[in-house]
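Report on the structure given below.
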Amino acid sequence: MLNWLPENISSFGKNIDGIMYLIYYVVGAWFLLAEGILIYFLLRYRRKSHPTAAYAPGKTGKAMAWVLIPVALVLLCDIAIDAKGTAAWDELKVDMPDTQELVRIEGRQFAWNFRHAGSDGQLDTADDVVTNGQLFMKVNDKVKFELISKDVIHSFFVPNLRFKQDAVPGRKINGWFDATKTGTYGISCAELCGGGHSYMQASLVVLSPEDYEKWLKK
């Protein structure tokens, strides 16, 4: 049912998709149940048959059960979603893995700029590589990023990585991602940032280790 999602190319994307699947099925089940009950009452108490509905003020235990049991079931569903979401959050946001590459991602109206650390593994040194509109990385390498904004709030969004992180002026946000398949994938801004928001596009270029070294030297 969720085959319309972009291809996942990240190691953590399966867990993100799992949360969406869980929410989809939980909400879908409750939607079908609620609509089924609504249709039943529409037919059962329609004007043509003139049935008399009972008045139930909700003061008895049996009447309250119609409220409390669904509340308890919804709460259990919420706890299940939160538990799955917490595990994914910890993997992506809390437990930083060892990384092989370092890049600074800068959002500004209306472009994404990238500063790749060179062979010394440090930013703001002589061997840095600066690119505009293209973020290069090695396949299967974990990339640590520093995300900043030069003007307003932007949101760094790579659907194929199942990754989205806001860029906030005055803050440097650290995180990581990886890609398990070579190719070129879209990057966009997912936060309305001005008149040119829809044109704030870039590309993620995932290269083999050999091609990445060739690009870096070039």
Side-chain angles (χ1 to χ4, degrees), residues 1-36 73-74 76-97 99-101 103 105-107 110-112 114 131 133-145 147 149 153-168 173-193 196-209 211-212:
M1 295 297 291
L2 294 181
N3 290 334
W4 50 267
L5 290 174
E7 179 187 13
N8 167 50
I9 62 165
S10 68
S11 62
F12 53 79
K14 184 177 180 180
N15 290 335
I16 304 300
D17 287 353
I19 298 171
M20 289 191 283
Y21 276 106
L22 181 59
I23 294 174
Y24 180 85
Y25 290 124
V26 167
V27 174
W30 280 106
F31 172 78
L32 292 176
L33 178 62
E35 292 303 305
L73 292 175
V74 169
L76 289 175
C77 293
D78 286 343
I79 292 174
I81 293 171
D82 287 343
K84 195 170 185 65
T86 298
W89 177 269
D90 289 344
E91 178 186 19
L92 189 56
K93 299 294 186 179
V94 179
D95 303 324
M96 176 74 74
T99 55
Q100 293 79 40
E101 300 177 47
V103 63
I105 304 169
E106 177 192 277
F110 297 97
W112 293 107
F114 308 98
T131 58
Q134 285 186 305
L135 170 57
F136 292 84
M137 64 175 291
K138 292 181 194 177
V139 66
N140 294 321
D141 269 8
K142 290 179 172 58
V143 178
K144 179 181 179 181
F145 67 82
L147 179 62
S149 170
I153 296 177
H154 300 284
S155 188
F156 182 72
F157 182 39
V158 191
N160 292 98
L161 293 182
R162 303 297 191 266
F163 186 86
K164 185 169 81 72
Q165 175 65 60
D166 285 354
V168 182
I173 300 172
N174 295 317
W176 73 278
F177 53 78
D178 62 4
T180 60
K181 184 178 179 180
T182 59
T184 301
Y185 307 93
I187 299 172
S188 61
C189 178
E191 182 72 33
L192 185 61
C193 57
H197 164 69
S198 60
Y199 299 102
M200 193 168 170
Q201 306 287 328
S203 298
L204 172 68
V205 183
V206 185
L207 302 172
S208 67
D211 289 339
Y212 183 83

Self-check item: Pair Ser155-Asp166, side-chain donor/acceptor within less than 3.5 Å
Solution: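 Indeed, the side chains of Ser155 and Asp166 share at least one donor-acceptor pair under 3.5 Å.
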
Quiz prompt | Side chains of Thr180 and Asp178, donor plus acceptor under 3.5 Å | solution =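 Looking only at side-chain atoms, Asp178 and Thr180 do not form any donor-acceptor pair under 3.5 Å.
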
Self-check item: Neighbour count above 12 (heavy atom, 6.0 Å) for Trp89 CH2
Solution: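 Count not over threshold, so no.
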
Quiz item: Do other residues, nucleotides or ligands put more than 12 heavy atoms under 6.0 Å from the NZ atom of Lys93?
Solution: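 Correct, the count exceeds 12.
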
Rounded to the nearest 0.5 Å, what separates atom [atom1] in [X] from atom [atom2] in [Y]?
| X | Y | atom1 | atom2 | answer |
| --- | --- | --- | --- | --- |
| Phe114 | Phe136 | CZ | CZ | 10.0 Å |
| Ile23 | Cys77 | CD1 | SG | 11.5 Å |
| Ile187 | Leu204 | CD1 | CG | 5.0 Å |
| Ile79 | Thr86 | CD1 | OG1 | 11.0 Å |
| Asn140 | Lys181 | CG | NZ | 12.5 Å |
| Glu35 | Leu33 | CD | CG | 10.0 Å |

Non-hydrogen atoms of [X] and [Y] that approach each other most closely:
| X | Y | result |
| --- | --- | --- |
| Arg162 | Glu7 | NH1-O, 3.7 Å |
| Met200 | Phe110 | CG-C, 3.6 Å |
| Met137 | Ala179 | CE-N, 3.6 Å |
| Thr182 | Ser208 | CG2-N, 3.8 Å |
| Val158 | Gly186 | CG1-O, 3.7 Å |
| Trp176 | Leu92 | NE1-O, 3.3 Å |

Side chains of [X] and [Y]: does their closest heavy-atom pair fall under 4.5 Å?
| X | Y | value |
| --- | --- | --- |
| Leu161 | Tyr185 | no |
| Val139 | Pro209 | yes |
| Asn8 | Asp17 | yes |
| Asp95 | Pro97 | no |

Quiz item: What do the steps show when you test Trp112 against Leu135 for side chain to side chain contact (heavy atoms under 4.5 Å, CB included), and what is the final call?
Solution: CA-CA 9 Å; Trp112 293 107; Leu135 170 57; over 6 Å; no

Exercise. Give the ring-plane orientation class for Phe145 versus Phe156, where under 30° counts as parallel, over 60° as perpendicular and anything between as tilted.
Key: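 Tilted, since the angle between the ring planes falls between 30° and 60°.
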
Quiz prompt | Verdict with reasoning, Leu5 to Met20, per side chain to side chain contact (heavy atoms under 4.5 Å, CB included) | solution = CA-CA 10 Å; Leu5 290 174; Met20 289 191 283; 3.9 Å; yes

Practice problem: Please check if the side chain of Gln100 supplies one atom and the backbone of Lys142 the other of a donor-acceptor pair under 3.5 Å. | Solution: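 Indeed, once roles are kept as given, a pair shorter than 3.5 Å links the two residues.
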
Quiz item: Sub-3.5 Å donor-acceptor pair from the side chain of His154 to the main-chain atoms of Glu191, do we have one?
Solution: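 Checking the backbone N and O of Glu191 against the side chain of His154, no donor-acceptor pair under 3.5 Å is found.
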
